Peer 1: 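Please read through the structure below; I'll follow up with questions.
Nothing here was measured: the structure is a model prediction, and the numbers come from that model. Throughout, a chain's letter reflects where its sequence line sits, starting with A, and its residues are numbered from 1.
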Amino acid sequence: MRAVEGCLRRTFEAWGYREVATPALEYLDTWTRGMGNPPAATLFVVVDRTGELLALRPEMTVPVARFVATRWPDTVARLYYVGSVFRGELGRGNSREFPQAGVERVGDGGADADAEVVALAVDALRQAAVPGVRVGLGHAGFLRALLDASGLEEDRQVAQEALYRRDFVTLSSLLDGAPAPVRGALLDLPSLRGSGALPRARSLRVGQEALDELEAVLEAVQGYAVGDAVEVDLGIIRDFDYYTGVVLEAYAPGSGAPLLGGGRYDQLLERFGASRPAVGFAVHLERVLASSPRGGVLAPVLEVGYERSARAQALAWVRRARAAGLRVAATPAEEGRLQPGLNFRAEGIWWVERDGSRRLLAPEDLDALLEGRTP
Amino acid sequence: MRSLTVALPSGRLLADAVRLLRAAGYGGPDAQDRSLVWQWGELTVIVAKPVDLLTYVERGAADCGVVGKDILLEQAHDVYELVDLGFGRCRGVVALPADRRHLWGDPRRHLRVATKYPRVAERFFWERGRPVEIVELYGSVELAPRVGLSDGILDLVMTGTTLRANGLVEVAEVFQSTARLVVNPVSLRARSEAVRELVGRLTRVVEGVP
């Protein structure tokens, strides 16, 4: 887990993002203001000694938005965070604490900012050794435009909630009176993806501005050389109501749920008094760990063994190796017997002699070591 | 590439679910033993407890599943609900003993309600502003009012026979339920061809299109 976290941290830092830390507890009012309709059933609410209601954070974007809006209302900022979010799932044996890491790029509203965040999403997962990363790109405005064009009035909110719940049965029953192409597109959202999706969406003459934005982002992403991992997916439904523009989700073959999700939220900071555009995503660390065959570790650990009498020579070399950025675990042999550490990703054991010379142990040397003979 | 995995619920929906899959052109040998995994050509079928079914689909152990709307309403889940399969029709109702049905007439009366659907019950009473205490049971809910464990029940009814046999009468309908086809969000994307094929074939059978 920490290894995955470390990979993401290094990638975010390499892209010029700086860490921000916000408290795990925020006033309940912050959540109501930020999320519109916070999922009350899953919030962990506590009462402090003065009777104020606070809640454990169910997500990270609202607190970061509140933080930026109140501390640096005029800044253009590239921020990242690492921390757990808390959601209570009633009646299931699920865990309630979910470690996350993510980025928020505040103050820049263009397609270039979106593209950078999309490319960073791909790079972060690839750095964490996730194979077969796919990032889908949709648009919250397109979904809203579709719902607007459906002719629903009283039932619009019900339809939107059904959509958030991915309940296409209810949605279908509500859309009986909607224009056939709009109804067809809404009910067929899950397959509105891939190369044919944009032309098909264009033909609806609905949400054209949203599609223009999406195309601009796709074009800007090309420059990052991650294009092969990115595809249009207009069926992406993010259930936080603050998204206003491009939305993204990432998938990998080994995971039954998206590894990360996010999007553009240009009106969220306004709810905290600073009108700034922003875009970001959150990575679910446990899901990344589960779908990364090497547990997120890219650099193997170098295992070094030595006789106590060669300690100074061995450790001098180890210091140099560490200074050069290698990951080194050094262990003295106990009465000629070496107990390899829990470095199950080590690619072999290096043996350092008193004269400072070193060699990679061959299998027969390892046997010798395990039997208590000096190799 | 592994075959598409479909989870079917054991119990009252199983026979109809199997019939539907066969009518949609899927099929294979009848399971001779009590095995819970059947290989049906390009389809792997697993049989799971209805209450566990969403867990299998949500976590991707199964790509698709057949599950009652009652379970979808009760459990938090992150799956796509794509097709109303039409069978397994039943209703969720609040029922009280016939001699105490008048209790429902007073919206301020505190009721103790036994149910297998605590979240649905909580939502239903909360939305109506009615005071309630929920007693969570896993079976034979209709027993609770007879032995004084609760004032009434919130449970599924199909024909009403069980209610009558226990001297209960329906006072409010909470939801209507049929079997639904649900799909894992990643399978919907990563295996879209096979999923679309399944959805299409099932929809044609359900809608009676040859």
Side-chain angles (χ1 to χ4, degrees), chain A residues 39-42 87-94 96 132-138 161-173 186-194 196-197 231-239 249-259 261 284 286-287 290-291, chain B residues 1-2 5 51-52 54-63 69 71-86 116-120 122-123 126 134 136 138 175-193 195-197 199-200 203 206-207:
Chain A
T42 62
R87 290 174 202 161
E89 304 277 322
L90 270 178
R92 309 281 292 273
N94 285 340
R96 280 126 202 239
V133 175
R134 308 286 308 159
V135 171
L137 222 52
E161 280 163 17
L163 200 56
Y164 283 175
R165 285 199 312 272
R166 285 102 166 137
D167 174 359
F168 286 83
V169 172
T170 302
L171 192 63
S172 157
S173 68
L186 271 172
L187 295 182
D188 206 20
L189 270 180
S191 47
L192 210 52
R193 50 184 277 277
E231 67 171 1
V232 175
D233 186 347
L234 291 167
I236 291 177
I237 304 160
R238 305 287 307 157
D239 47 8
E249 279 183 352
Y251 303 90
S255 174
L259 301 178
H284 303 273
E286 284 166 340
R287 295 179 190 168
S291 57
Chain B
M1 186 114 179
R2 72 181 172 88
T5 301
V51 288
D52 298 333
L54 285 176
T55 307
Y56 283 87
V57 178
E58 187 169 72
R59 298 194 171 211
D63 300 295
K69 180 71 179 174
I71 305 277
L72 282 163
L73 288 169
E74 176 61 21
Q75 296 181 0
H77 59 80
D78 188 10
V79 297
Y80 280 71
E81 178 184 343
L82 290 190
V83 187
D84 184 345
L85 299 173
K116 283 179 274 190
Y117 302 94
R119 295 179 62 168
V120 170
E122 194 180 323
R123 209 156 51 225
W126 170 263
I134 291 157
E136 188 176 351
Y138 289 94
F175 60 82
Q176 298 192 350
S177 174
T178 46
R180 306 293 161 95
L181 180 75
V182 295
V183 181
N184 171 281
V186 176
S187 303
L188 196 59
R189 295 176 163 87
R191 329 201 51 209
S192 55
E193 287 308 311
V195 171
R196 287 190 72 173
E197 173 74 17
V199 169
T203 309
V206 170
E207 290 176 354

Peer 1: Compare all side-chain heavy atoms of B:Arg119 with those of B:Gln75 and state whether any distance is below 4.5 angstrom.
Peer 2: no
Peer 1: Side chain, backbone, both or neither: which part of B:Val79 has a non-hydrogen atom closer than 4.5 Å to chain A?
Peer 2: backbone
Peer 1: Applying side chain to side chain contact (heavy atoms under 4.5 Å, CB included), run through B:Leu72 and A:Asp167 and close with a yes or a no.
Peer 2: CA-CA 10 Å; B:Leu72 282 163; A:Asp167 174 359; over 6 Å; no
Peer 1: With a 4.5 angstrom heavy-atom cut-off, which part of B:Arg123 approaches chain A: side chain, backbone, both or neither?
Peer 2: neither
Peer 1: Return the option, out of A:Ser191, A:Ala257, A:Pro253, with the maximum number of heavy-atom pairs under 4.5 Å with chain B.
Peer 2: A:Ser191
Peer 1: Which one of B:Val186, B:Leu188, B:Asp78 has the most heavy-atom pairs closer than 4.5 Å to chain A?
Peer 2: B:Val186
Peer 1: Side-chain contact test, heavy atoms from C-beta onward, threshold under 4.5 Å: evaluate it for B:Lys116 versus B:Glu74 and give yes or no.
Peer 2: no
Peer 1: With chain B, which of A:Asp233, A:Thr170, A:Leu171 has the greatest number of heavy-atom pairs at distances under 4.5 Å?
Peer 2: A:Asp233
Peer 1: Where on A:Ser255 is there a heavy atom nearer than 4.5 Å to chain B: the side chain, the backbone, both, or neither?
Peer 2: backbone
Peer 1: With under 30° as parallel and over 60° as perpendicular, where do the rings of B:Tyr117 and B:Phe175 fit, or are they tilted in between?
Peer 2: perpendicular
Peer 1: Which one, B:Arg189, B:Arg180, B:Glu136, leads in non-hydrogen pairs under 4.5 Å with chain A?
Peer 2: B:Arg189
Peer 1: Could you go through A:Glu231 and A:Arg193, starting from their C-alpha distance and side-chain angles, then the distance that decides it, and tell me whether this counts as salt bridge (Lys or Arg N to Asp or Glu O under 4.0 Å)?
Peer 2: CA-CA 7 Å; A:Glu231 67 171 1; A:Arg193 50 184 277 277; 3.1 Å; yes
Peer 1: Examine whether an atom of B:Asp84 lies under 4.5 Å from a heavy atom of chain A, and if so say whether it belongs to the side chain, the backbone or both; otherwise answer neither.
Peer 2: both
Peer 1: Can you list the residues that meet the salt bridge (charged side-chain N to carboxylate O under 4.0 Å, His left out) rule with A:Asp188, with sequence neighbours excluded?
Peer 2: A:Arg200
Peer 1: If I measure from the heavy atoms of chain B, does A:Leu189 come under 4.5 Å with its side chain, its backbone, both, or neither?
Peer 2: neither
Peer 1: Does the cation-pi check pass for A:Arg134 over A:Tyr251, that is, NZ or CZ under 6.0 Å from the six-membered ring centre and within 45° of its axis?
Peer 2: no
